[in-house]
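Comments concern the structure below.
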2 protein chains.
Amino acid sequence: MFSPLIDELMQALRCLPGVGPKSAQRMAMQLLEHDRGGATRLADCLSRAVEGVARCQRCRTLTEQPLCGVCSNERRDNTLLCVVETPADVLAIEQAGSYQGKYFVLLGHLSPIDGVGPEDIGIDQLMTLLDAEPVSEIILATNPTVEGEATAYYISERARRAGITVSRIAHGVPLGGELEYIDGGTLAHAFSSRRTL
Amino acid sequence: MFSPLIDELMQALRCLPGVGPKSAQRMAMQLLEHDRGGATRLADCLSRAVEGVARCQRCRTLTEQPLCGVCSNERRDNTLLCVVETPADVLAIEQAGSYQGKYFVLLGHLSPIDGVGPEDIGIDQLMTLLDAEPVSEIILATNPTVEGEATAYYISERARRAGITVSRIAHGVPLGGELEYIDGGTLAHAFSSRRTL
């Protein structure tokens with residue numbers, strides 16, 4: 001409809017999550033009409049990030065250094081290790097700002113039906129790390145899905161055998177959440193995990 | 001929080017319309033974790049589009065050729081000229097597929113308060129075009145806003161003096177729209193512009 005270059009750009013923009021044909025069109029128009037500087041900068045950042053960003057050798061999160069900012073930070077508590085599924089989870093926890101330990105990123109979860117076993121989510125690397133470092137507690141922060149729970153259970157068994165304390169982050173009603181709008185599964189979990197005051 | 005390169009990429013993604021900090025983060029993670037091919041392709045398309053896409057010499061829409069696809073198409077009716085505000089409007093009308101004439105893109109609308117006068121929206125170029133081509137009817141498809149209406153009125157006066165028929169696209173209740181959900185302004189317009197059957 002438009003010139004081939006613009007059509008191609010709209011198509012390329014659709015690789016972004018949540019961007020359909022209409023949004024891609026709006027984005028392409030906005031960039032070409034009002035923000036060519038931004039478009040050039042974005043192109044440049046994308047190329048450099050694709051080339052430069054790899055995995056942290058220790059925790060497997062995304063970074064352009066051999067070790068990520070958390071792993072190379074001497075002041076972080078390396079007796080605490082939080083296990084998460086994705087680098088985005090690390091970011092979410094870091095943004096909350098209350099956790100001072102280190103991380104290990106599984107880059108997925110156990111899912112036998114998709115052929116994802118322990119070796120695919122770096123369990124060997126995790127066990128090596130537990131041997132090499134003075135970790136005293138593993139905090140499991142995998143997602144509260146069937147796969148996430150199974151992964152947490154698997155890691156807890158392995159870590160317990162290695163003599164390490166294992167904990168799971170609490171699941172329940174979020175702060176600021178109103179009971180009326182909370183789903184049944186969460187409410188049931190909040191009741192079964194209730195704490196004596 | 002993340003490495004500088006990833007932070008920079010998230011920042012750059014925010015030049016896209018409708019993309020806030022959370023979406024930018026999600027997009028950066030998605031691209032770096034699951035679609036580096038897409039990211040490279042997007043960077044490439046952006047660079048090439050910024051470099052290659054300019055304005056059609058005749059109608060001022062976006063194109064990488066001297067003349068856009070519509071202007072260079074011999075089979076389009078060049079006695080009809082549709083005047084729109086933006087290249088996105090051209091695309092919307094082309095996608096509807098019923099219009100067979102040509103276009104002129106104002107790239108804006110009259111807005112004295114912002115210092116946008118007739119010379120800024122290419123009225124001179126439009127009048128030159130009307131002189132040079134066998135245009136018999138101008139269809140005004142500017143937006144039904146105050147500025148769009150003022151622009152339409154201004155162009156209609158100029159074109160009428162040049163002896164050209166001027167029409168305005170119809171505004172009213174959209175097809176498939178339910179009266180219940182239509183805003184008052186549109187409804188009032190639909191009543192005042194009613195046609196005798």
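Protein chains get the first letters and strands the later ones, always in sequence-line order, with residue 1 at the start of each. Quantities reported herein were computed from a predicted structural model and do not represent experimental measurements.
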Tell me, side chain or backbone of B/Gln65 under 4.5 Å from chain A's heavy atoms, or both, or neither? neither

Considering only NZ, NE, NH1 and NH2 on the basic side and carboxylate oxygens on the acidic side, decide whether A/Arg76 and A/Glu94 come within less than 4.0 Å. yes

As an exercise: rank B/Leu5, B/Leu16, B/Leu32, B/Val50 by heavy-atom pairs under 4.5 Å with chain A and give me the winner. B/Leu5

Ion pair A/Arg58/A/Glu133, N-O distance below 4.0 Å: yes

Which residue out of B/Glu64, B/Arg41, B/Arg55, B/Met27 racks up the most heavy-atom pairs below 4.5 Å with chain A? B/Glu64

Can you tell me how far the CZ atom of B/Arg168 sits from the OG atom of B/Ser193, to the nearest 0.5 Å? 10.5 Å

Using non-hydrogen atoms and a 4.5 Å limit, figure out which bit of B/Arg14 sits close to chain A: side chain, backbone, both or neither. neither

Salt bridge (charged side-chain N to carboxylate O under 4.0 Å, His left out) between B/Arg160 and B/Glu157, intermediate numbers included: CA-CA 5 Å; B/Arg160 210 167 280 138; B/Glu157 288 297 300; 3.5 Å; yes

A/Leu31 portion near chain B, given a 4.5 angstrom heavy-atom threshold: side chain

If you measure from the Lys or Arg side-chain nitrogens to the Asp or Glu carboxylate oxygens, is any gap between B/Arg36 and A/Glu51 under 4.0 Å? no

